[in-house]
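Remember, predicted model here, so these are calculated numbers, not experimental data.
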Amino acid sequence: MIHNSDIASTPLKANGWASLSQHSQPLYVARCTDTPKRLVLVHENKFLNKVVIAIADHRDSHESILEDSCNAVISFLSQAKVSPNRLLYIATGIIFDARSPPPFGGPKARPGYIAYKGRGALPLLQFILTSSFKWYISSRGPQALQFVVASINKALVLHRHRGRDFLNELMLRGMKRAGHIEWSKVARIPQSLQHVAEIEAVSEGVRFTPKRWEIGDAETV
């Protein structure tokens, strides 16, 4: 069964952060710095149009940081013509991989991402961000956050430049690894998660999404 409550229309409460200890170590930009820095994800839409990592106000709570970060990702994924859920599952197809950095990767028989047991797109997003922030708080460095941000940004780039079949396969991979559809059964993509080609305006007129690429053509994820 495909659970498809749209993250863009779901009231967001950052209760996924509540499990963090009140005595967690301070947030650091890197292990070598002496200045504690709280980080937050931001949708930078004036120049880069990307999700970026920014310094949060030191007075911000863990809960507000997670909520703001979730809303930034939702804002970023909601600018395409497709459902933001589709783009989140495409990003999940990249993140939920044994070759990914911890806490998501690991041995093929037991990668870190199998810790996720939730249902629906919003709990999935909260899990991904909470896991990344927890890894950072433990003073293990910002690599997990950087990887998640890069994967989310890449999902939109792939949507705009790769073919429908490639994207469908990557989305279904993310859904399967998240446990939202069964591995052993053929999944039919509902209308709400179907691919929609983007039209990009250019100075000479209108440019359509390039001709559909197949998996194996050009670069792969």
> Yes or no on side-chain contact (heavy atoms from CB on, under 4.5 Å) for L41 and V52, after CA distance, side-chain angles and deciding distance?
Replying inline: CA-CA 6 Å; L41 303 190; V52 298; over 6 Å; no
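- Each of H161, Q79, H159 was compared with E198 under the side-chain hydrogen bond (donor to acceptor under 3.5 Å, both in side chains) criterion, and only H159 meets it.
- Between the NZ atom of K50 and the NE2 atom of H43 there is a distance of 11.5 Å, given to the nearest 0.5 Å.
- Aromatic pair F166/H195: centroids not less than 6.0 angstrom apart.
- The structure places CD1 of I95 at 4.0 Å from CD1 of I128, a figure rounded to the nearest 0.5 Å.
- No donor-acceptor distance shorter than 3.5 angstrom exists from the side chain of R177 to the backbone of Y113, with no hydrogens or angles considered.
- Atoms CG and OH, on L170 and Y89 in that order, are 13.5 Å from each other to the nearest 0.5 Å.
- The minimum heavy-atom distance between W135 and A144, with the atom names listed, is CD1-CB, 3.9 Å.
- For the atom pair CG of L48 and CG of N153, the computed distance is 9.0 Å after rounding to the nearest 0.5 Å.
- The shortest distance between side-chain heavy atoms of V73 and V148 does not fall below 4.5 Å.
- Note that CZ of F76 is 10.5 Å distant from CG of N45, once rounded to the nearest 0.5 Å.
- Classified by interplanar angle (parallel below 30°, tilted 30° to 60°, perpendicular above 60°), the ring pair F147/F104 is tilted.
- Contact detail for V40 and I65: the closest heavy-atom pair is CG2-O, 3.9 Å.
- Panel note: side chain Q194, backbone V196; no donor-acceptor pair is recorded below 3.5 Å.
- Between L129 and C70 the shortest side-chain heavy-atom distance falls below 4.5 Å.
- Considering all non-hydrogen atoms of both residues, R38 and D57 come closest at CD-O, 4.0 Å.
- S83 approaches S192 most closely through the heavy-atom pair CB-O, 3.2 Å.
- The shortest heavy-atom contact between F133 and L39 is CE2-O, 3.4 Å.
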>> One pair to check against side-chain contact (heavy atoms from CB on, under 4.5 Å): S75 and N71. What are the steps and the verdict?
In response: CA-CA 6 Å; S75 171; N71 286 329; over 6 Å; no
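- No donor-acceptor pair closer than 3.5 Å links the side chain of R173 to the backbone N or O of T92.
- In this structure, I152 CD1 and K154 NZ are separated by 13.5 Å, a value rounded to the nearest 0.5 Å.
- Scanning both residues, A72 and V51, for their nearest heavy atoms gives O-CG2, 4.4 Å.
- Side-chain contact between N168 and R86 is present, with at least one heavy-atom pair separated by less than 4.5 Å.
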